[in-house]
Amino acid sequence: MQITDVRVRKVAKEGKLKAVVSITMDEEFVVHDIKVIEGEKGLFIAMPSKKTAAGEYKDVAHPINSSTRDKIQCIILDKFEKAMQESEDE
C-alpha cells in the first residue's frame, strides 16, 4: 500500500486540533477526516471516528497494526509541517 496523495486543511481557530487531512492510497481509496492534534508529547493523528450511543468514540477506519499507523502518521505529519512552512513563507 502506498499513500499517493495527502490533502491538508489547516484549522484557523485556536486549540489542539491543527488540521484535518484526507489521504489517498494507491490512487484508489480515500480516507477523509483524519485529524492532526497537538498533544502533550507533540503532534499526532487521530483516525476518523463517530460517537456511539454510549458516548464513546469508535474509529470508522484505522490501520490494523502499529507499523502501518506509524507510516501513515509520519507521512501526514511531514506533509502538515510542509504546509505550515509554506503558509509562513507567504
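Worth saying up front: this structure is predicted, and the values here are computed from it rather than measured.
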Colleague: Does CZ belonging to Phe29 count more than 12 external heavy atoms closer than 6.0 Å?
Modeller: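 Atom CZ in Phe29 is not crowded, with 12 or fewer foreign heavy atoms closer than 6.0 Å.
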Colleague: Please round to the nearest 0.5 Å and tell me the distance separating atom CD1 of Ile23 and atom CD1 of Ile34.
Modeller: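 Rounded to the nearest 0.5 Å, the CD1-CD1 separation comes out at 4.0 Å.
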Colleague: Can you get from Ile37 to Val21 by hopping between Ile, Leu, Val, Met, Phe, Trp and Tyr side chains that sit under 4.5 Å apart?
Modeller: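 Different hydrophobic clusters.
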Colleague: Tell me, which pairs form a side-chain hydrogen bond (donor to acceptor under 3.5 Å, both in side chains) where one or both residues lie in residues 45-65, sequence neighbours left out?
Modeller: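 Pairs touching residues 45-65 that pass the test: Asn65-Ser67, Asn65-Thr68.
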Colleague: Just to verify, what does Asp33 make a side-chain hydrogen bond (donor to acceptor under 3.5 Å, both in side chains) with, not counting sequence neighbours?
Modeller: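 Counting only residues at least two positions away or on another chain, Asp33 forms no side-chain hydrogen bond (donor to acceptor under 3.5 Å, both in side chains).
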Colleague: If you group Ile, Leu, Val, Met, Phe, Trp and Tyr by side-chain heavy-atom gaps below 4.5 Å, do Met47 and Met25 land in one group?
Modeller: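 Yes; tracing contacts between hydrophobic side chains, which count when under 4.5 Å, links both residues.
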Colleague: Under the salt bridge (charged side-chain N to carboxylate O under 4.0 Å, His left out) rule, what pairs show up with a residue in residues 19-31, not counting sequence neighbours?
Modeller: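 Not a single pair qualifies under salt bridge (charged side-chain N to carboxylate O under 4.0 Å, His left out).
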Colleague: Residues two or more places apart in sequence or in another chain: which of them pass side-chain hydrogen bond (donor to acceptor under 3.5 Å, both in side chains) with Arg69?
Modeller: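 Arg69 satisfies side-chain hydrogen bond (donor to acceptor under 3.5 Å, both in side chains) with no residue once adjacent residues are dropped.
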Colleague: Suppose we screen for side chain to side chain contact (heavy atoms under 4.5 Å, CB included). Which residues come up paired with Ile75, at least two apart in sequence or across chains?
Modeller: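 Scan of Ile75 (side chain to side chain contact (heavy atoms under 4.5 Å, CB included), adjacent residues dropped) gives Ile3, Val6, Lys71.
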Colleague: What residues form a salt bridge (Lys or Arg N to Asp or Glu O under 4.0 Å) with Lys10, not counting sequence neighbours?
Modeller: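 Lys10: no salt bridge (Lys or Arg N to Asp or Glu O under 4.0 Å) contacts found.
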Colleague: Applying salt bridge (Lys or Arg N to Asp or Glu O under 4.0 Å), name anything that partners Asp70, two or more places apart in sequence or on another chain.
Modeller: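 None.
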Colleague: To the nearest 0.5 Å, what is the distance between CG on Leu77 and CG on Leu43?
Modeller: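 So the gap between those two atoms works out to 5.5 Å.
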Colleague: With sequence neighbours left out, what residues match Glu38 under salt bridge (Lys or Arg N to Asp or Glu O under 4.0 Å)?
Modeller: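 Lys18.
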Colleague: List, by chain and number, the other hydrophobic cluster members for Val60, where Ile, Leu, Val, Met, Phe, Trp and Tyr join if side-chain heavy atoms come within less than 4.5 Å, directly or indirectly.
Modeller: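 Under the 4.5 Å side-chain rule, Val60 groups with nothing.
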Colleague: Under 4.5 Å between side-chain heavy atoms, counting indirect links through other Ile/Leu/Val/Met/Phe/Trp/Tyr residues: same cluster for Val30 and Met1 or not?
Modeller: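 Val30 and Met1: separate clusters.
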Colleague: Of all residues at least two apart in sequence or in a different chain, which pass the side-chain hydrogen bond (donor to acceptor under 3.5 Å, both in side chains) check with Lys16?
Modeller: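 Result, side-chain hydrogen bond (donor to acceptor under 3.5 Å, both in side chains) vs Lys16: none returned.
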Colleague: Consider only side-chain heavy atoms of I, L, V, M, F, W and Y, link residues closer than 4.5 Å, and tell whether Leu17 and Val31 are in one cluster.
Modeller: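 Different clusters: Leu17 never reaches Val31 through Ile, Leu, Val, Met, Phe, Trp or Tyr contacts under 4.5 Å.
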Colleague: Do Thr24 and Arg7 get their side chains close enough for a donor-acceptor pair, meaning under 3.5 Å?
Modeller: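 No, Arg7 and Thr24 have no side-chain donor paired with an acceptor closer than 3.5 Å.
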Colleague: Going by the rule side chain to side chain contact (heavy atoms under 4.5 Å, CB included), which residues pair with Ala19 if we only count those two or more places apart in sequence or in a different chain?
Modeller: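 Expected list: Val8, Val36, Phe80.
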